[in-house]
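Here's the structure, in structure tokens; my notes come after.
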Amino acid sequence: GLLIKDEYIEFDEITAPGAGAANKLRLYSKDVSGVTMLAFVDAVGAETLLIKTLSGTAAASADLTLTTAYQDIASATLTLTRAGQWLITASVLLKDNSGVAEARDMFAQLVLGGVAQTPVLQNTVATIWEGTTASGQWVKTVALNDVAKLQAKKGGGTQATIAVATSTWISAVWLSA
């Protein structure tokens, strides 16, 4: 059933209802892998999970040893499940992992729908074991199910440099159609 109070609306989990009348949607809650999620069905019967439509965050799953060519950062990827304008935020911890002093530039970039975006994030590591965070935000208009992902590289040098998984992530919030 549905319970409407002054402070909240409470839904019981149900299976997706059928399509509503033209220009209508049906809002309900459903079980998704043991978690109660808010969803809706539109007039043609297409189901959409509301929270996955409006935002998302993905953390890197493994450190990435940088080369001089851009590489994908494992799991720092989001599928943007709604067409329109999104605010995309990212942070990448870039770190010397060699124990040898060698100044080098490190770069991170957002790739959206297969295309590298500007600005590219850049920082310089100059001392042994130093880490530096490169963070940025982009407001981008995307197509339905465009993929946003992070990539990183170093600008040169022979010493080991990594993107640290525990402090590297991407998030996106849908702003408007």
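In what follows, residues are counted from 1 in the order of the sequence shown. All of these numbers come straight from a predicted model, not from anything done at the bench. Side-chain atoms are counted along with the backbone in the values below, which use heavy atoms only and exclude waters and symmetry mates.
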Gap separating the CG atom of Asp31 from the OG1 atom of Thr15, nearest 0.5 angstrom: 11.5 Å
Whichever hydrophobic residues join Ile14 through chains of side-chain contacts under 4.5 Å: Tyr28, Val41
Cluster companions of Trp169 among Ile, Leu, Val, Met, Phe, Trp, Tyr (side-chain spacing under 4.5 Å): none
Donor-acceptor pair, distance only, cut-off 3.5 Å: does the side chain of [X] make one with the backbone of [Y]?
X: Asn123; Y: Met106; result: no
X: Thr79; Y: Thr81; result: no
X: Arg26; Y: Asp42; result: no
X: Gln122; Y: Ala134; result: no

Any link between [X] and [Y] through a network of hydrophobic side chains (Ile, Leu, Val, Met, Phe, Trp, Tyr) touching at under 4.5 Å?
X: Ile4; Y: Leu38; result: yes
X: Trp86; Y: Leu78; result: yes
X: Leu110; Y: Trp174; result: yes
X: Val115; Y: Leu80; result: no
X: Val92; Y: Ile162; result: no

Residue pair Asp63 / Ala165: nearest heavy atoms and the distance that separates them: OD1-N, 2.7 Å
Pair Thr57, Ser171: side-chain N/O donor-acceptor within cut-off below 3.5 Å: no
Distance-only polar pair, side chains of Glu13 and Ser29, donor-acceptor under 3.5 Å: no
Mind listing the side-chain donor-acceptor pairs of residues 138-150 below 3.5 Å, one per line with the distance, residues two or more places apart or on another chain?
residue, atom, partner, partner atom, Å
Trp138, NE1, Thr118, O, 3.3
Trp138, NE1, Pro119, O, 3.3
Lys140, NZ, Gln117, OE1, 3.0
Asp146, OD2, Ala143, N, 3.1
Lys149, NZ, Asp72, OD1, 3.3
Lys149, NZ, Asp72, OD2, 3.1

